[in-house]
Structure formats: C-alpha cells, structure tokens
2 protein chains.
Amino acid sequence: MKIGELATRTGCRVVTIRYYEREGLLPEPARSEANYRLYGEVHAERLAFIRHCRALDMTLDEIRALLACHDDPEGTCHQADILIDEHLMHVKARIAQLQELEDALVVLRARCQGQRPAAECGILDALSRPPQEVPSSEDAEHVPGTHPRV
Amino acid sequence: MKIGELATRTGCRVVTIRYYEREGLLPEPARSEANYRLYGEVHAERLAFIRHCRALDMTLDEIRALLACHDDPEGTCHQADILIDEHLMHVKARIAQLQELEDALVVLRARCQGQRPAAECGILDALSRPPQEVPSSEDAEHVPGTHPRV
DNA sequence: ACACACCCTATAGTCTATATAGGGTCAAGC
DNA sequence: GCTTGACCCTATATAGACTATAGGGTGTGT
C-alpha cells in the first residue's frame, strides 16, 4: 500500500507519517520503482500503536520507549507499566493545575461585569497588581497546558 | 534598573525579557552609554502584568489583546471580558479532555500488573488494537495538552 | 592587571507537527 | 500522443514560547 492509503486507513496525515519515519518511530519501508514508499500490515499496526499513544497525549520519546518494549517480547513489560504510571501522574498533575487556573479565572472574571471604561475594569486592574498565586508546572512536566498545538 | 534586576524582581529570565521586547509586548527601554537596557517602574509593572497572564496560561496573542485594552483607557473593557470568558472556556474544555485521558489510562493500566513477558502484557496489547475512543481537542483549541514545555 | 559577574547581539535548538516550493509518476480522457 | 488531475518525492520554513550557545564588551573589586 502507498502512503496515501496508509494515511486514510490510520487517520494520520501523509506528512506526519513521513515525519515519524524521520524520527525513527516507523521503519523505512520498501520503495517502488518510482521511489514511492510501499507499506504492509506491519507498518499499519505500528502506526496505529503510535496514534493510540499520541491520543493518550504521550510524547514521541515515551512512545519510543513503549515501542522498544513491544519490539523485545522476551523482556518484561515492567518498563511499560512504569511509563504508563508516570504518564498518568503527569496527567493528573496537569488537571489539578488547570483546575487552579480555572478558579483564578473565575475570580478574575467576577471582578468586571462589562461596559465600563477600561480604566476602571477590575480585570485589567487585578492583572496589574503584584502577587497572585501562580500554580507551578513542576509535577505536570511534559503534559501540555491550556493551548495544545492541535 | 538593568535587565538582571528586573529579571530577579519579576521572577522572569533575562532572555525571556529580551524575547518579550522582540515580540513587541514590552516597549524598547532607554539605553546606558554601554548600550545596557535601563528599565523603570512602568516596565516592571507591564512585565508583571504579562507574567500574571502567562501564569493563567494565556497565549502571547491574548496578552497582546489585553495590553491593547490596558493601553486604551478611553475604550471599554468589553474586549477584555470576552477574552477572559473565551480563555476560561478553553481551560474548562482542556480539563474535560484530560479527564477522559485519565480514565483511559487508568483502564489501560489495570490491564497489567507487572512482571510478565512483554508478549503477554495487556498494556502493549491494548495499544496495538484498533479503535479506542480518542478525545478530540477541538474545543480546547489553544490550551496545551499533557506536556507543557515549562 | 586580572578575575568575575553582568551585559550585548545573533543564531540555532526544543517539540510535534503543518505548510510551501519545486519537481516526478501514473491512469484516464481527448 | 498529450494534457489533466491525483498522487508521490525531497527540502526547507513556520508555528509558540521560550532556552541555549557562541563570541564579544563592560564594570567592579582585589
């Protein structure tokens, strides 16, 4: 199968597949006479694995580690377990952090109900003032915040 | 005050201050004879404003818009209200999405309790399999996911 | 006179892709 | 036989919000 078919089958863009190949997540496939990439079921399964992990917000490095477990069926899956546990903790930490953000934004929003001159706006005023509790992102580490790059 | 002092006072890296200047969020300050940047209270307050907004996970574009309101005290703060409302919705959407992820990860994690050969690992097996519900990131838009770049 | 902390600019790298430019391949229809 | 269009190729640039590095100048203390 050519790259376009693999893309539609897995719901992954063509350019993204080539990107995964460059990143070493997908093995280099055979080539046709016209230098087209030719994929088999093995590739489709591996790409599906990668996309499932991405859907769970894992980084490509985490996925690389899981694929290494997957490629070594003699070894134990202990590494995979640990990785999932850690990732789960990061997701939880990120949720907690975003909930603090949400509370802070609700408080901020309540300071202004609309059509007054900006000079009197409670929101702009509050943002200008000193302290404010700032949730640190230490524990969430590699888990993105409010604005994913889609 | 020189850039290093501004940095320690605001808890912002020196390079980040210069970056904000390049991005047009901070005005270009006066320079000493040795070409050092010289800041006043105005700059410190504006930088604090920016950092508070960043702590609330706003993008630099959102902050630019809030600063524009701030810089036009004749206008109304209606724009600022709308922006905060929208940002709040994005944060809420991202939280909901991450909670779905968390559930999926908990289910995944429960499929394996450790020291078995990777070939039998329920986690690796589940990730290889077809469908899986994948929360879309449509509503969270500009709110990053699980792995922020700190 | 020298060390050291601080400042400057310019450039490249991070991460996970997406977008663009400029070209080659292949089947169908005229 | 020739064009059209869909598909494929590579290489490079762009996004966001910084961080890191190289290579140099400034200013203070000993």
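A note on names: the letters A, B, ... follow the listed sequences, proteins ahead of strands, and every chain is numbered from 1.
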Length of the NZ-P vector between B:K2 and C:dC7, whole Å: 6 Å
Gap between atoms CD1 and P, on A:I50 and C:dC15 respectively (whole Å): 17 Å
Distance, rounded to the nearest Å, where A:E21 contributes CD and C:dA17 contributes P: 15 Å
Given C:dA17, D:dG16, D:dC8, the nucleotide with the shortest approach to the side chain of A:V14: D:dC8
Earlier contact from the 5' end, DNA chain C, for A:E23 and A:E33: A:E23
Whole angstrom value for the distance that separates C1' of C:dC26 from CG of A:L38: 14 Å
Short side-chain to backbone donor-acceptor contact, A:T10 and A:L6, under 3.5 Å: yes
Any B:L38 side-chain heavy atom under 4.5 Å of B:S32 side chain: yes
Spacing of A:H43 atom NE2 and A:I50 atom CD1 [to the nearest 0.5 Å]: 10.5 Å
Nucleotide C:dT16, atom C1' - distance to CZ of A:R64 in whole Å: 11 Å
B:T16 side-chain N/O to D:dA17 phosphate OP1/OP2 under 4.0 Å: no
Length of the OH-P vector between B:Y19 and C:dG13, whole Å: 18 Å
Between C:dG23 (P) and A:N35 (CG): distance, integer Å: 18 Å
Distance, rounded to the nearest Å, where B:E5 contributes CD and C:dA5 contributes C1': 15 Å
Interatomic distance, A:H87 atom NE2 to A:L66 atom CG [nearest 0.5 angstrom]: 9.5 Å
Sugar-phosphate only, base, or nothing, as touched by A:T59 at under 4.0 Å among non-hydrogen atoms: sugar-phosphate
Distance-only polar pair, side chains of B:R51 and B:Y20, donor-acceptor under 3.5 Å: yes
Test item: B:L47 and B:Y39 side chains (from C-beta on) under 4.5 Å apart, heavy atoms: no
Phosphate OP1/OP2 of C:dT9: any B:R37 side-chain N/O under 4.0 Å: yes
Nearest to side-chain heavy atoms of A:R31, which nucleotide of D:dC18, D:dC9, C:dA17: D:dC9
Contact state string [nucleotides 20-26 of chain D, B base, S sugar-phosphate only, - no protein heavy atom under 4.0 Å]: S----BB
Touch class at under 4.0 angstrom, heavy-atom based, for B:R18 against every strand present: base
Any donor-acceptor N/O pair, A:E62 side chain to A:T59 backbone, under 3.5 Å: yes
